[in-house]
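Here the structure comes first, spelled out in structure tokens, and everything after it is commentary.
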Number of protein chains: 2
Amino acid sequence: MSSFRYAMLTLLAREPLSGYDIKQQMNSRMGPFWKAGSNQIYPELAKMEEAGLVALHEIEHNEYRPARKVYRITESGKEELIRWTMEPTEPETIKDEFLLKAYNSWLIDFEKMIPRLEEKKKEHEGKLAIYVDKVNELNRIVDPSNPRDPIASSISVVEFGIEYEKLYIQWCDHFIEKLKNNG
Amino acid sequence: MSSFRYAMLTLLAREPLSGYDIKQQMNSRMGPFWKAGSNQIYPELAKMEEAGLVALHEIEHNEYRPARKVYRITESGKEELIRWTMEPTEPETIKDEFLLKAYNSWLIDFEKMIPRLEEKKKEHEGKLAIYVDKVNELNRIVDPSNPRDPIASSISVVEFGIEYEKLYIQWCDHFIEKLKNNG
DNA sequence: ATTGACATGTAAGTCGTTACATGATTCG
DNA sequence: CGAATCATGTAACGACTTACATGTCAAT
């Protein structure tokens, strides 16, 4: 089973959602950790329903809009998600296109490379700000007395994001300095 | 054109290589930044030759082994690589399966989650050690008087890897502590 | 005797992306 | 008046993975 399916189960384990909700959460709440388009979500939801991992929770009707088909995770879906979560995970490659370009920086005039690094730096500063806001908000709503609060898990993952963005920003700075000293 | 093609050009811009060499370098020298199997490399090399981005450099014959077909980058391939390298790069998602599992940790008994984190930590400690060795070796062979030495670019990318692994290790530690305090 | 390194590739299948298709409502 | 949001989905294509296929030498 593809990990995309587990990403969907991950969201549905917390609350019932429609395909549209899943899309929104992946592209905002889950932030840039995971992404998806409708093309993948709706067929996958149908397959998951067939496999008994999710079930129709309710259908919200609206006069002018298509009906919202809200799904919930089933017991067997939850078991499958837990089984997968406890499984060891294969090492992953970073596979960042910009790093590949950095690997080619020796081919490029430094004056032309530096604006790209400044650009990237700004992009990651933007993400950092978003994550910091998010973690602050999560800290406000988390229940510290409940060791099983899903929000606590969310916080840990967003904290990873924060550290990652900081590292990226520092690396850009470091790289820019190097290029300036060599040019 | 897929970024995989540019990954191949990136390596060929430094020295002529066979398909087999490319595979080796992607899975070792380029470390876990990019990966590839023979299935992707050989057909792609053929297409790149057809497009005039690379050309046969020489064919090394051996009695018992298949002939080594060594390719070099062409002028037009180099121009294309430079053009791509200077182009702005789209933001990327992190898409780390283990982070997705961490997002589900609220579902799991802490005693069962901690060994997974210890495991991951060890994995990244291993990668860190490899990168540190690599950067030390690169620093030994880099030519500091040449601002266009490709090795200098390699060093910057490996340095990113080092910081990334350190961050991952720290995050694992941090997460383990949190789980212990809640269990 | 078996595994691993060398060296090329093919075939089949799944995963993922971009674009398309529909249609009313609200906001600027 | 145009764009964005809500809400579902399909079609076509390209990327990527897993497994297959072949064959010799060197090392354990």
Side-chain angles (χ1 to χ4, degrees), chain A residues 1-9 11 16-28 30 32-51 54 56-71 90-95 97 100, chain B residues 1-9 11 16-30 32-51 54 56-71 90-97 100:
Chain A
M1 232 188 301
S2 72
S3 58
F4 174 70
R5 182 173 282 199
Y6 291 108
M8 287 176 59
L9 277 180
L11 294 175
L17 296 167
S18 71
Y20 191 81
D21 294 335
I22 291 173
K23 195 185 164 191
Q24 297 309 305
Q25 291 206 6
M26 283 208 184
N27 301 328
S28 67
M30 282 196 118
F33 295 108
W34 227 265
K35 243 197 301 191
S38 53
N39 33 48
Q40 260 192 295
I41 288 170
Y42 295 108
E44 196 66 27
L45 260 179
K47 280 183 216 158
M48 285 161 78
E49 193 184 9
E50 209 183 342
V54 300
L56 255 177
H57 181 62
E58 65 175 327
I59 300 183
E60 293 170 18
H61 286 283
N62 246 316
E63 277 162 31
Y64 60 89
R65 277 186 267 190
R68 269 172 60 80
K69 291 163 74 177
V70 179
Y71 291 87
E90 287 300 306
E92 305 221 22
T93 58
I94 299 181
K95 224 175 189 181
E97 207 174 284
L100 196 56
Chain B
M1 233 187 304
S2 73
S3 57
F4 175 69
R5 181 172 282 199
Y6 290 107
M8 287 177 61
L9 276 181
L11 294 175
L17 297 166
S18 72
Y20 191 82
D21 294 334
I22 291 172
K23 194 185 165 192
Q24 297 308 305
Q25 292 206 5
M26 282 206 185
N27 301 328
S28 66
R29 192 166 314 180
M30 280 196 121
F33 296 107
W34 226 265
K35 244 197 299 191
S38 52
N39 33 44
Q40 259 191 295
I41 288 170
Y42 293 110
E44 196 65 28
L45 261 179
K47 279 184 218 158
M48 286 161 80
E49 194 185 7
E50 212 184 340
V54 300
L56 255 178
H57 182 61
E58 66 175 327
I59 301 183
E60 293 170 20
H61 286 283
N62 246 316
E63 276 161 34
Y64 59 88
R65 275 185 268 189
R68 269 172 60 82
K69 292 164 74 178
V70 179
Y71 291 87
E90 287 300 304
E92 304 223 21
T93 59
I94 298 181
K95 224 177 187 176
D96 181 308
E97 207 174 286
L100 196 57

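All values below come from the heavy atoms of this structure, side chains included, with hydrogens, waters and symmetry mates left out. Note that this is a predicted model, so its numbers are computed, not measured. Throughout, protein chains are lettered first and strands after them, A, B, ... in sequence-line order, and every chain is numbered starting at 1.
- Taking 4.0 angstrom as the limit, A/S18 places a side-chain polar atom (N or O) nearer than this to OP1 or OP2 of D/dT8.
- Considering only residues two or more places apart in sequence or on other chains, B/P43 meets the side chain to side chain contact (heavy atoms under 4.5 Å, CB included) condition with none of them.
- Atom P of nucleotide D/dC6 and atom CD1 of A/I41 are separated by 14 Å, given to the nearest angstrom.
- Rounded to whole Å, the distance from CD1 on B/I22 to C1' on C/dA7 is 13 Å.
- As rounded to whole Å, 12 Å separates atom P of D/dA7 from atom CG of A/L17.
- Residue contacts shown for A/A36 are absent, as no nucleic acid heavy atom lies under 4.0 Å away.
- The residue among B/R68 and A/G37 whose nearest nucleotide of DNA chain C is located toward the 5' end is B/R68.
- Atom CE in B/M8 sits about 13 Å away from atom P in D/dA15, given to the nearest Å.
- Evaluation of atom-type donor-acceptor distances gives a pair under 3.5 Å for the side chain of A/N39 against the base of C/dT18.
- A/K69 comes within 4.0 angstrom of the backbone, heavy atoms only, and of no base.
- What separates NZ of B/K23 from P of C/dG4 is a distance of 14 Å, to the nearest Å.
- Distance CD (B/Q40) to C1' (D/dT18): 12 Å, rounded to an integer number of Å.
- For the OP1/OP2 pair of D/dT8 and a distance below 4.0 Å, the side-chain nitrogens and oxygens of A/Y42 include at least one atom meeting the criterion.
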(request) Sugar-phosphate atoms are those with a prime plus P, OP1 and OP2; base atoms are the rest. Using that split, label each nucleotide of nucleotides 20-28 of chain C B, S or - for protein heavy atoms under 4.0 Å, 5' to 3'. (result) ----SS---

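- The interatomic distance linking A/K47 (NZ) with D/dG9 (C1') rounds to 14 Å, in whole Å.
- Under the 4.5 Å side-chain criterion, counting only non-hydrogen atoms from C-beta, B/K95 is in contact with A/W34.
- Going from atom CG of A/L45 over to atom P of D/dT10 covers 12 Å, rounded to whole Å.
- When side chains are defined from C-beta on, B/L56 counts as touching B/Y71, because their heavy atoms get closer than 4.5 Å.
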